[in-house]
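Excluded from the calculations below are hydrogen atoms, water molecules and symmetry mates; all remaining heavy atoms, backbone and side chain alike, are included. Naming: A, B, ... by sequence-line order, numbering from 1 per chain.
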There are 2 protein chains.
Amino acid sequence: MPELPFTLDQLRILKAIAVEGSFKKAADLLYVTQPAVSLQIQNLEKQLEITIFDRGGRKALLTEAGRLLLEYCERILNQCDEACKAIEDLNSLKGGTLVIGASQTTGTYLMPRMIGLFRQKYPEVSVQLQVHSTRRTGWSVANGQIDLAIIGGQLPGDLENLLQVIPYATDELALVLPSKHSLSNKKELLKEDLYKLNFVTLDSQSTTRKVVDKLLQDSGLEIQRLKIEMELNSLEAIKNAVQSGLGASFLPVVSIERELAAGTIHKAFIADLEVKRELKLITNPSRYTSRASEVFKKNILPQFASLDSPLRKI
Amino acid sequence: MPELPFTLDQLRILKAIAVEGSFKKAADLLYVTQPAVSLQIQNLEKQLEITIFDRGGRKALLTEAGRLLLEYCERILNQCDEACKAIEDLNSLKGGTLVIGASQTTGTYLMPRMIGLFRQKYPEVSVQLQVHSTRRTGWSVANGQIDLAIIGGQLPGDLENLLQVIPYATDELALVLPSKHSLSNKKELLKEDLYKLNFVTLDSQSTTRKVVDKLLQDSGLEIQRLKIEMELNSLEAIKNAVQSGLGASFLPVVSIERELAAGTIHKAFIADLEVKRELKLITNPSRYTSRASEVFKKNILPQFASLDSPLRKI
DNA sequence: TTTTTTAGGTAATCAAATTTTATGGAGACA
DNA sequence: TGTCTCCATAAAATTTGATTACCTAAAAAA
C-alpha cells in the first residue's frame with residue numbers, strides 16, 4: 001500500500017501554474033496567496049524528488065519532469081471532473097438504475113404504467129423490473145438487490161420485521177365467468193353457486209392462488225368441494241380459458257379491465273363475499289435509499305395508490 | 001475553478017474498503033485507525049451528497065453511487081501510480097531525454113563514442129545530439145534547449161558570465177599533409193615551411209578556422225601569406241582533399257585517427273608551434289539540471305577528459 | 001544608470017483538518 | 001445470553017496548510 005506522493009490540490013496548483021505561467025497568477029486563480037502555491041509546489045518537488053519548474057526567468061517554465069507530471073496531472077484531474085459529473089447526474093436523477101420488484105400480477109398490469117410515468121419524468125434513469133414470487137422478491141429487497149417492490153402475498157415472518165411494509169392498494173380478485181355461462185345472467189350469486197362452477201386456477205404454488213384459497217376458506221367455503229378444471233401458470237392463459245368457456249376463475253380486476261370493457265368476460269358478484277387482497281409496498285429501511293427510489297415512492301406510487309393508503313398522505 | 005469535492009486519500013480509503021469489505025480491515029491496510037477511515041468516508045459522502053456504503057450487515061457493501069464512484073476511483077488511482085512510476089523512471093534514468101550540444105568536430109568524432117557509452121549504461125534514456133556553431137550552442141544552453149554542450153571556440157562575452165564553462169580537454173589541431181608530399185619526410189618543419197604549402201581550410205566563418213587563424217597569428221605567422229587552395233565546409237571533405245594531394249590543412253587530431261593509423265595522411269610536427277585549443281564543457285547553472293545530464297557530466301565525460309580537466313577531480 | 005515594479009522565496013503565526021484515544025451501541029455467532 | 005466484531009461518536013492532540021509580513025532578485029521604466 002504505497003503512500004501517495006502528491007495530493008489533488010498539488011496537481012491542481014501545478015496545472016494552474018502551467019496554464020498561467022506564473023505562481024502568482026495561479027494563486028489568484030485559485031483564490032489563495034502566492035506563498036501557499038510556492039509551498040505546495042516545493043512539497044511536491046520534495047516528495048517526488050524532482051524539479052518541476054525553472055523559476056529563473058520571467059515565466060515559470062516546466063522542466064522535463066514537470067512536463068511529464070503535467071501530462072498525468074491533466075488526465076487525473078479530468079477523471080476527477082468526470083467522476084463529479086457522474087455523481088451529480090446520479091443525484092439529479094440523470095442517470096442510475098432503479099430496480100423494482102413485483103409479483104406476476106402487478107408486474108404485468110400495474111408496473112408498466114407506473115414505470116412509463118416515471119420514465120417520462122426521468123428518462124435518464126433506467127428502470128429494471130424483476131417479476132418474482134413474493135418470497136424471492138422479499139429476500140431481494142432485504143439484501144438490496146431490489147430497491148422497492150409491490151407484493152400481494154404474505155411475506156415470510158422473519159422478513160416482515162426486517163422490511164418496511166406499507167399498505168398500498170386493494171386488489172379485488174373478481175370471480176369471472178365466460179360471458180355465455182348460464183350463471184352470468186344472475187345479478188348476484190350465492191356462495192353455494194361456486195360449487196357448481198368449474199374452475200381454471202393458477203397453480204397451487206402461486207401467491208395469488210394461496211390468497212384466494214385462504215380468503216374463500218375464511219369465508220366458510222369448503223375449497224375441497226370446488227371443482228378445478230385445470231391449473232395454469234399464467235393469468236393470460238387463464239383469461240383465454242375463461243373466455244373460451246372452459247370455466248370460471250378468480251382474477252385480479254386490474255388484469256381484466258380490457259376484457260370486461262369488451263364484454264368477452266363476465267364479472268360476477270357474490271353475496272356476502274368479497275375476495276380482496278392488500279397490495280403492499282415493501283422497502284428495506286436499513287439500507288441506503290437511492291434518489292430514484294425515493295422519487296418513485298413519493299411521486300409515482302401515490303398516483304396509483306388507493307385513497308386510504310399511507311402513501312397518499314405523504 | 002471548481003473546488004474538488006474529494007481527495008486522493010479519500011479515494012484510497014474508498015478503494016481499500018471496497019477491496020477488504022470492511023472499514024476496520026481497510027484501516028489496518030492503510031496503517032491508520034478505524035475512526036479515521038469512518039470519518040473520511042463520512043466526509044466524502046457529505047461532500048458528494050451520496051451514500052457510498054451500506055453499513056448494515058456483516059460487510060460494508062457499496063451502494064449504486066458507491067460502485068459508480070469506485071470505478072472512477074480505480075482509474076484515478078491507476079493514473080496516479082503510473083505517474084509515480086514515470087517520475088521514478090526519470091529519476092532512476094529509465095526514461096527521459098538528454099539533449100547534448102556540440103560543435104562539428106566534437107559532434108562528429110567525440111560525441112558518438114560518449115553517447116554510445118552513456119546509452120550502454122542507460123539504454124532507456126534517449127539522447128539527442130545537436131551540432132551547431134559555438135554561438136548558437138551557447139544560446140541554446142542558456143535558454144535551456146540544450147542540457148550541456150562541449151564547444152571548442154570562444155563564447156560571446158555575455159554568455160561567458162551566464163554559463164558555467166569547465167575546461168574539458170585539449171584538442172590538438174595537427175598540420176596534416178598528403179602522405180606523398182615532399183615535406184612529409186621531414187622530421188620537423190619550420191614555421192617558414194608553412195608558406196610553401198597550399199592549404200585546404202574550413203570556411204572562414206567556422207569556429208575552428210578562427211581558432212587556427214588566431215593561434216597561427218599569435219605565434220608570429222603572417223596568415224595572409226599562407227596560400228589557401230580552397231575552402232570547404234566539412235572536415236571529411238578536407239580530409240579527402242588532403243589525402244588526394246590537393247594540399248595541407250590543420251585538422252583536429254581526433255578527426256584523423258583512422259587516417260593516421262592507415263598512413264593515408266601524414267601528421268607533421270612544427271618547431272616551436274603547437275596549435276591547440278581548449279574544449280570546454282558548458283552548462284547553465286541557473287537552470288534545472290536533469291538527472292541524466294548530471295550523470296553524463298559526472299560519469300561519462302571524465303572518461304574522455306584530459307588529465308588536467310577539473311572534471312577528472314570530481 | 002538608478003528606481004520601480006513584479007515574481008517568488010522564507011519565517012512566524014494561526015486556523016483548520018485529520019488522527020488518535022477512548023467509549024458506546026448494534027448485529028453476528030456460539 | 002454473553003461475547004465478539006464492527007462501526008459511529010466525542011474530545012484531545014497532532015499535523016497540515018494558509019496567511020501575514022518581509023526579503024531577494026530580476027525585469028521594466030524613468
Side-chain angles (χ1 to χ4, degrees), chain A residues 3-14 16-47 51-63 66 142-144 158-159 161-163 284-288, chain B residues 3-14 16-47 51-63 66 142-144 158 161-162 284-288:
Chain A
E3 296 272 316
L4 286 174
F6 48 77
T7 69
L8 284 179
D9 277 327
Q10 287 170 339
L11 295 188
R12 224 156 59 99
I13 291 173
L14 165 61
I17 298 175
V19 169
E20 297 288 326
S22 131
F23 281 43
K24 179 152 187 53
K25 283 185 193 153
D28 294 344
L29 187 67
L30 298 170
Y31 302 112
V32 292
T33 56
Q34 170 265 315
V37 170
S38 288
L39 289 222
Q40 283 304 323
I41 294 296
Q42 280 170 27
N43 288 345
L44 191 53
E45 292 184 323
K46 219 174 293 169
Q47 288 171 312
T51 305
I52 297 171
F53 290 102
D54 264 331
R55 283 99 153 158
R58 180 120 220 76
K59 296 207 151 204
L61 287 177
L62 283 166
T63 63
N143 66 27
D158 41 356
L159 286 181
N161 309 315
L162 203 60
L163 303 180
N284 188 338
S286 65
R287 274 193 179 272
Y288 156 72
Chain B
E3 296 271 315
L4 288 174
F6 49 76
T7 69
L8 284 179
D9 277 326
Q10 288 170 338
L11 296 188
R12 223 156 59 99
I13 292 173
L14 165 61
I17 299 174
V19 168
E20 298 288 326
S22 129
F23 282 40
K24 176 152 189 53
K25 283 184 194 153
D28 294 343
L29 188 68
L30 298 170
Y31 302 110
V32 291
T33 55
Q34 169 265 315
V37 170
S38 288
L39 291 190
Q40 283 305 323
I41 294 296
Q42 281 170 28
N43 287 343
L44 191 53
E45 292 184 324
K46 221 174 291 169
Q47 287 170 315
T51 304
I52 297 173
F53 289 102
D54 264 331
R55 284 101 155 154
R58 182 118 219 79
K59 295 206 153 204
L61 286 175
L62 284 166
T63 62
N143 65 28
D158 41 357
N161 308 316
L162 203 58
N284 187 338
S286 66
R287 276 194 178 271
Y288 156 73

From CG of Asp54(B) across to P of dC7(D) the rounded distance in Å is 13 Å
Using OP1 and OP2 only, check whether a side-chain N or O of Arg55(A) sits under 4.0 Å from dG9(C).
yes
Are OP1 or OP2 of dG8(C) and a side-chain N or O of Ser22(A) less than 4.0 angstrom apart?
yes
CZ (Phe53(B)) and CD1 (Ile17(B)) are apart, to the nearest 0.5 Å, by 4.5 Å
Which heavy atom of Ile41(B) sits nearest a heavy atom of Arg55(B), and at what distance?
CG2-NH2, 3.7 Å
Just how far is it from atom CD1 of Ile13(A) to atom CG of Asn43(A), taken to the nearest 0.5 Å?
9.5 Å
Rounded to whole angstroms, how far apart are CG on Asp28(A) and P on dT6(C)?
12 Å
Between C1' of dA7(C) and CG of Leu61(A), the distance in whole Å
13 Å
Among dC7(D), dG9(C), dA7(C), the nucleotide that comes nearest once only the side chain of Gln34(A) is considered:
dG9(C)
Indicate, yes or no, whether a donor-acceptor pair under 3.5 Å links the base of dG9(C) to the side chain of Gln42(A).
no
To the nearest angstrom, how far is Leu4(A) atom CG from dT18(C) atom P?
15 Å
Length of the line joining Phe23(B):CZ and dA26(C):P, which is rounded to integer Å:
18 Å
Ile41(B) CD1 to dA17(C) P, straight-line distance once rounded to whole Å:
18 Å
So, does Gln40(B) get its side chain near the phosphate of dT19(C), meaning an N or O under 4.0 Å from OP1 or OP2?
yes
Checking dT19(D), dT19(C), dG8(C) against the side chain of Ala60(A) (C-beta onward), the nearest is dG8(C)
For Ser38(A) and Gln34(A), does a side-chain donor sit closer than 3.5 Å to a side-chain acceptor?
yes
Would you indicate, yes or no, if dC7(D) has its OP1 or OP2 atom less than 4.0 angstrom from a side-chain nitrogen or oxygen of Ser38(B)?
no
With a cut-off of less than 4.0 Å, is there a side-chain N or O of Asn43(B) near OP1 or OP2 of dA17(C)?
no
For Leu39(A) and Val37(B), find the nucleotide of DNA chain C closest to each by heavy atoms; which residue's nucleotide sits nearer the 5' end?
Leu39(A)
Nucleotide dT16(D), atom C1' - distance to CG of Leu44(A) in whole Å:
16 Å
Nearest to the side chain of Lys24(B) - dT19(C), dC6(D), dA21(D)?
dC6(D)
Considering only heavy atoms from C-beta outward, does the side chain of Asp28(B) approach that of Val37(B) to under 4.5 Å?
no
With the side chain defined as heavy atoms from C-beta on, Val32(A) is closest, among dT20(C), dT19(D), dG8(C), to dT19(D)
Check the distance between dA16(C)'s C1' and Asp9(B)'s CG and give it to me in whole angstrom.
16 Å
